[in-house]
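The structure presented is a predicted model; accordingly, all values stated were derived computationally and were not measured. Each chain gets a letter, A, B and so on, in the order the sequences are listed, and its residues count up from 1.
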Amino acid sequence: MDDNRYLADLLFDSDIKDFEYYEERYQSRGLKEGVKVTRLAPSPTGYLHLGVLYSALINRMAAGKDGVFYLRIEDTDKKREVEGGLEDIVNGLISFGIVPDEGYLPDGERGEYGPYRQRLRRDIYHSAAKRLVLAGLAYPCFCTEEELEVTRKEQEAKKVRPGYYGEYARCRSLTTGEIKKKLDDGAPYVLRLKSPGSEENKVTFTDAIKGKIEMPENDTDIVLLKSDGIPTYHFAHAVDDHLMRTTHVIRGDEWISSVPVHLQLFRLLGFKPPKYAHIAPIMKSEGGSKRKLSKRRDPEAAVKYFSEQGFEPRAVLEYLLTIASSGFEDWRRANKDADIFDFDLRLNKMSQSGALFDMDKLLDVSKNYISRMSTEAVLSSLLCWAQKYNASLYDRLSSDKAYAAAIFSIDRDIPKPRKDIAKWNEAAEFISYFYDDTFAPQYELPENISSAAAVEILERYAEEPCLGGDKTQWFDGVKRLCVSLGYAENTKEYKAEPDKYKGHIGDVSAVIRTAVTGRRNSPDLFEIMRILGKDRTASRLKAAAEYFKK
RNA sequence: GGCCCGGUGGUCAAGCGGCUAAGACACCGCCCUUUCACGGCGGUAACACGGGUUCGAUUCCCGUCCGGGUCACCA
């Protein structure tokens, strides 16, 4: 007993507080029964990628509006840290509308349970570590990397489980005197857990997503504090999630195999463990098999990719939710205008195995999402995107917003709107023919229409474009033109007696369409010409007629 | 290799012992229609395999196979 005290004094600074101090300081949150406290704990070892966004979304949704969702930064690995990664992650989340209630935020920390960056919590970890040493549950280990490597090779050769446990945990049996001597020599060391567990025993726990899971108890003397005094993930997880009063740890399922370690840590530290929920990762198909979406290998894993392409953040979130929870699509159909954060995400309804990332589905969700936006919303969102990623489009649009609004209001704000655009980088091409400087006609005629016939149609139509009235009046005008030129004024008549006509109204429209828009397909012709105005319509008709004369 | 988790159409995914095995995306066809898009209708396409248990298994149990994860002073 005295030995432990002695060892603790040897190992820790004298000003390290008793852990009771922190228990006292970070009181229970006093939330109502059933209210969840969740968190996202990214490490700034890269930029914001889809997996983190996914996890953030689920944690945010799980906490709901009554619960607390906070952001903690796991910056304990200096070596792998990426410059600017932290900002990218935090700002990225917020730009996607996933806003933490507390924790590390762009304008500083918010909340009573901080600091929320692990670097700043060193004393807290040391206090918890000291508690373990005092209880005889942790010890310093002086093994070098090389020595560890040697025992690992030995274990491999003997075909036994690799790891620092049992007889292989050499420093476990060091006497206080030996430790003192090494410490005096300035030997570097890590602090290890003296695991009281045995592989023979089983631990069981209920995962909120995967259900009941049974695994062998942890018997490995895992590292608690690295040689620089910074905690490992496992140790920091136990200390932080206890002190920050997390109720539900929702994280990627790559963590599932370390749950026995975590449970043991909570027990030894005297903490009540949180509920665990392990979510399946988003996968990517490659060469017939699938693997986890990788931030290094897959460009579409970076959230920045979606921003650059001009996906609507909410649409991406909706897509993610269709992957996450089977009930979401039905809910969406029943609640077309509801905010996604009103969806009641049930952990036990979540998918157990990883879903392949499906770009087709994302595109579909996005198209639907954008089709339901108002003209104003489309314009402001598109402008916002263009400002960053397409300067010329931005200039064009903002130089005459009323004109741009007219374009985007075609078949919008109606019960069954058009679904033309899935992401903003498709917009420039989609509206190109509305602007003279981007109008690049690819004239194309129906097969049964000769150039001469096209010229005739265009010239005759130009005499009387019928743009003064409404759409019906215009279309009646086109019908009259058909009749006078020998085309059927509707397809049925033509089909009944094809020999009687040169073609039908579809052909006539096609000729006008190609002249006005320079392409085969477009939204409603009348709307387009009305927006272009009489003069520009006329000059396009003329230009096309000239083209076909050649 | 040990330990975990998973396996319903190309993809996502309902389904909890008895159903002609939902739905969405993609694909194909038809209808609507001045084109496209929308919309409507229809179609192709699935319970990995082998044993049990049971009157009856996609559903429960075991095994095989396949896929994924994990075995660091990384998270």
Give one of base, sugar-phosphate or nothing for Lys78(A), where a contact means two heavy atoms less than 4.0 Å apart.
nothing
Between rC47(B) and rU58(B), how far apart are the two P atoms, rounded to whole Å?
10 Å
Taking the P atom in each of rA14(B) and rU8(B), what is the distance between them to the nearest angstrom?
11 Å
For Tyr461(A), the ring pair (Phe, Tyr, Trp, His ring centres under 6.0 Å) test, sequence neighbours excluded, returns none
If you write RNA chain B from 5' to 3' in dot-bracket form, with Watson-Crick or G-U pairs under 3.5 Å, [ ] for crossing pairs and | for pairs with another strand, what do you get?
((((((((.[[[..)..(....]]].(((((.......)))))....[[[[[..)....]]]]])))))))....
Would you say the side chains of Ser43(A) and Arg80(A) form a donor-acceptor pair under 3.5 Å?
no
Sorted by number, residues from residues 472-483 of chain A placing a heavy atom under 4.0 Å from RNA chain B are Trp474(A), Phe475(A)
How far does the P atom of rG51(B) sit from the matching atom of rG17(B), given to the nearest Å?
24 Å
C1' spacing across the pair rC27(B) / rG10(B), given as an integer number of angstrom
9 Å
Write down the distance between CG (Leu525(A)) and P (rU34(B)), rounded to a whole number of angstrom.
12 Å
Angle class for the Tyr189(A)/Phe142(A) ring planes (parallel below 30°, perpendicular above 60°, tilted otherwise)?
tilted
How would you label the contact of Glu214(A) with the nucleic acid (heavy atoms, under 4.0 Å): base, sugar-phosphate, or nothing?
sugar-phosphate
Distance alone, cut at 3.5 Å: any donor-acceptor contact between the side chains of Glu199(A) and Tyr165(A)?
no
What is the distance from CZ of Arg418(A) to P of rC38(B), rounded to the nearest Å?
9 Å
Is it possible for you to check whether Arg314(A) lies under 6.0 Å from the centre of the six-membered ring of Tyr369(A), through NZ or CZ, and within 45° of that ring's axis?
no
Taking the minimum atom-to-atom distance to the side chain of Asn521(A), which one of rC36(B), rC4(B), rU34(B) wins?
rC36(B)
C1' atom, rC3(B) versus rG18(B): distance in rounded Å?
38 Å
Nearest-Å distance once atom P is located in both rU20(B) and rG63(B)
33 Å
Between atom CD in Gln352(A) and atom P in rU8(B), what is the gap in whole Å?
12 Å
Determine, for nucleotides 64-74 of chain B in 5'-to-3' order, which nucleotides have protein heavy atoms under 4.0 Å from the base (write B), from only the sugar-phosphate (write S), or from neither (write -).
---SSSS--BB
Please work out if Ser351(A) contacts a base, only the sugar-phosphate, or nothing of the nucleic acid, heavy-atom cut-off 4.0 Å.
sugar-phosphate
Give one of base, sugar-phosphate or nothing for Ser353(A), where a contact means two heavy atoms less than 4.0 Å apart.
sugar-phosphate
Review item, side-chain donor-acceptor pairs of residues 352-360 of chain A, under 3.5 Å, at least two apart:
unit_1: Gln352(A); atom_1: NE2; unit_2: Ile209(A); atom_2: O; d: 2.9
unit_1: Asp358(A); atom_1: OD1; unit_2: Asp360(A); atom_2: N; d: 3.0
unit_1: Asp358(A); atom_1: OD1; unit_2: Lys361(A); atom_2: N; d: 3.2

With respect to the side chain of Thr491(A), which nucleotide from rC4(B), rC38(B), rU34(B) is positioned closest?
rU34(B)
Under the rule for side-chain hydrogen bond (donor to acceptor under 3.5 Å, both in side chains), what residues qualify as partners of Asp221(A), not counting sequence neighbours?
Tyr139(A), Arg172(A)
Reading nucleotides 21-32 of chain B from 5' to 3' and marking B where a protein heavy atom lies under 4.0 Å of the base, S where only the sugar-phosphate is that close, and - otherwise, the string is --SBSS------
Go through rU34(B), rA37(B), rA13(B) for me and flag the one nearest to the Ala355(A) side chain.
rA13(B)
Can you check salt bridge (charged side-chain N to carboxylate O under 4.0 Å, His left out) on Asp330(A) and Arg333(A), steps first, answer last?
CA-CA 5 Å; Asp330(A) 288 338; Arg333(A) 264 191 289 280; 3.0 Å; yes
Pairs involving residues 513-526 of chain A, ordered by first then second residue, that meet salt bridge (charged side-chain N to carboxylate O under 4.0 Å, His left out) (sequence neighbours left out):
Glu429(A)-Arg519(A), Glu444(A)-Arg520(A), Lys471(A)-Asp524(A)
Distance between P atoms of rG52(B) and rC28(B) (Å, rounded):
45 Å
Work out how far the C1' atom of rG9(B) is from that of rA21(B), and round it to whole angstrom.
11 Å
Kindly say whether, by distance alone, the side chain of Arg513(A) makes a donor-acceptor pair under 3.5 Å with the base of rC36(B)?
no
Could you check how far CG of Asp219(A) sits from P of rG2(B), rounded to whole Å?
17 Å
Lys416(A): which residues meet the side-chain contact (heavy atoms from CB on, under 4.5 Å) condition with it, sequence neighbours left out?
none
Can we say Lys212(A) and Glu214(A) salt-bridge, meaning some charged N sits less than 4.0 Å from an Asp/Glu carboxylate O?
no
Holding to ring pair (Phe, Tyr, Trp, His ring centres under 6.0 Å), I want the full list of residues that pass it with Phe548(A), two or more places apart in sequence or in another chain.
Tyr443(A)
Rounded to whole angstroms, how far apart are CG on Asp507(A) and P on rU33(B)?
16 Å
Nearest-angstrom distance from the residue atom CG of Asp411(A) to P of rC36(B)
15 Å
Mind checking ring pair (Phe, Tyr, Trp, His ring centres under 6.0 Å) for Tyr233(A) and listing every partner two or more places apart, or none if nothing turns up?
His237(A), Trp255(A), His262(A)
Run the salt-bridge test on Glu149(A) and Arg152(A) with the 4.0 Å N-O cut-off and return the result as yes or no.
yes
By side-chain hydrogen bond (donor to acceptor under 3.5 Å, both in side chains), Asp240(A) pairs with (sequence neighbours left out) Gln118(A), Arg121(A), Tyr125(A)
For His504(A) and for Met215(A), locate the closest nucleotide of RNA chain B by heavy-atom distance; then report the residue assigned to the nucleotide nearer the 5' terminus.
Met215(A)
Interatomic distance where NE2 belongs to His237(A) and P belongs to rA75(B) [whole Å]
13 Å
Report the relative orientation of the aromatic rings in Phe328(A) and Phe343(A); use parallel for angles under 30°, tilted for 30 to 60°, perpendicular for over 60°.
perpendicular
Ile282(A) CD1 to rU11(B) C1', in whole Å, measures 14 Å
